[in-house]
Every structure is written in C-alpha cells, then in structure tokens.
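Source: prediction; values computed, not measured. Because only heavy atoms are used, hydrogens play no part in the values below, and waters and symmetry mates are left out as well, while side chains stay in.
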Amino acid sequence: MGVSVSASTAIIVAGLFFAFTTFYPVAANGLDRVSDAQHGINERALERQNTDFAVTNATYDTDTETLTVNATNEGAIGLVAGDATLVVGNEYVDVGGANASTTVDGDGDTALWLGDETLTVRVTQGETETTIDDGTRVVLVVESGVRDAATVTEVGA
C-alpha cells in the first residue's frame, strides 16, 4: 500500500510538471504579444499627439483646371508626403499616386515633410470625377490619421 501511494504521487507530480512546462510558454508568449500590442498602441497615440498640420488654403485655378492644396506641418513629427490622402468632395485622391503631384517647400524631389515646411498638392480636374468648384470641401489626412479640411476658393478668369 505504501508503494502505490508513493508511485501515484510521483505520477501526479510528473503530470503537473509536464502540464506546467506546456502552459508556461503559452502564457509567456501571450503576455509578450499583449505587451507588444499595448506598446504599439502607445507609440501610435504619441505619434498622433505630436502630429499637427494645417491646410492653409485650397484654390482651384479655372484657367488651368488645377486644384492646389497647401498645408503646413506644425508638429514635431516628420511626415511622408506620399503617404497622405486627399479627399476632394467625396472622392479619394492618392497623394503619392499618379493623379496628384506634390512638392515640399517647392522641392518636388523630396517626400519628407518636416516641421514648418509647406506641402503643396496639385490635382487636375481631369484626374477626378468630382466637379471641383468654389465651395468644394477638401480634406487632407496623414498616415497617423490626423486630418484637416478646407473649402476650395476659385481663382482665375
């Protein structure tokens, strides 16, 4: 009787040891994933807090049929001009795509939009299905989700 109790106890202890060695890595990996996700959320929130820009004006030249949107980066975070999105009326325009041209402080060769620099986005009427005219609303959104809007003013003849 004494041997069977000792053997039973040894089997139970061995089973608990194997169960723990299986459970521990799963729990540790789960904790690591949750910690990494929370860290990522905090990083994105900090980036959003440090991102600030203003659409200074949006003009539509009726002679050249070109919409020009100017925005100034007033934040502490450098932004990528091609990662921005422009919404004209209710139409999506990929700023980094073929249907828009961008310059940062007049330089068309750079995509980095740093603090106190002005991003200029130009879109021609032929590249959009939305009719651009006086009063059309434009919204510029950067990669962190921060956005600013303006109303188009017509210039030209």
Side-chain touch [X]/[Y], heavy atoms, less than 4.5 angstrom:
| X | Y | result |
| --- | --- | --- |
| Q49 | L46 | yes |
| L119 | N70 | no |
| R137 | V139 | yes |
| R122 | T103 | yes |
| L67 | V138 | yes |
| L79 | E143 | yes |
| D105 | W113 | no |
| L140 | T85 | no |

[atom2] on [Y] to [atom1] on [X], rounded to 0.5 Å:
| X | Y | atom1 | atom2 | value |
| --- | --- | --- | --- | --- |
| S4 | I11 | OG | CD1 | 10.0 Å |
| D148 | D52 | CG | CG | 8.5 Å |
| Q38 | I41 | CD | CD1 | 6.5 Å |

Other residues, nucleotides, ligands: >12 heavy atoms within 6.0 Å of N42 CG: yes
Heavy-atom neighbours of N29 CG exceed 12 at 6.0 Å: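 Check passes, neighbour count above 12.
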Quick check: closest heavy atoms across [X] and [Y], and the distance to 0.1 Å?
| X | Y | answer |
| --- | --- | --- |
| G135 | T151 | CA-CG2, 3.4 Å |
| A84 | V95 | O-CB, 3.3 Å |
| A54 | E74 | CB-OE2, 3.8 Å |
| V55 | A150 | CG1-CB, 3.6 Å |

Under a 3.5 Å distance rule, please check whether [X] uses its side chain to pair with a backbone N or O of [Y] as donor and acceptor.
| X | Y | value |
| --- | --- | --- |
| D134 | E154 | yes |
| T130 | I132 | no |
| E91 | E129 | yes |
| E117 | L114 | yes |
| T110 | L112 | yes |
| T22 | F20 | no |
| N73 | F53 | no |
| D107 | A111 | no |

N99 and V93: CA distance, side-chain angles, deciding distance, side-chain contact (heavy atoms from CB on, under 4.5 Å) verdict: CA-CA 7 Å; N99 53 351; V93 176; 4.2 Å; yes
Hydrophobic cluster identity match, V141 and V69, side-chain contacts under 4.5 Å: no
Same apolar cluster (I L V M F W Y, side chains within < 4.5 Å links), V87/Y60: no
Worked check of side-chain contact (heavy atoms from CB on, under 4.5 Å) between N57 and T153: CA-CA 8 Å; N57 65 356; T153 304; over 6 Å; no
Verdict with supporting geometry, E127 and T124, side-chain contact (heavy atoms from CB on, under 4.5 Å): CA-CA 5 Å; E127 299 293 336; T124 60; 3.1 Å; yes
Donor-acceptor side-chain pairing of D133 and T136 below 3.5 angstrom: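 Distance-only check passes for D133 and T136.
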Worked verdict on T128 versus V123 for side-chain contact (heavy atoms from CB on, under 4.5 Å): CA-CA 8 Å; T128 64; V123 180; 3.6 Å; yes
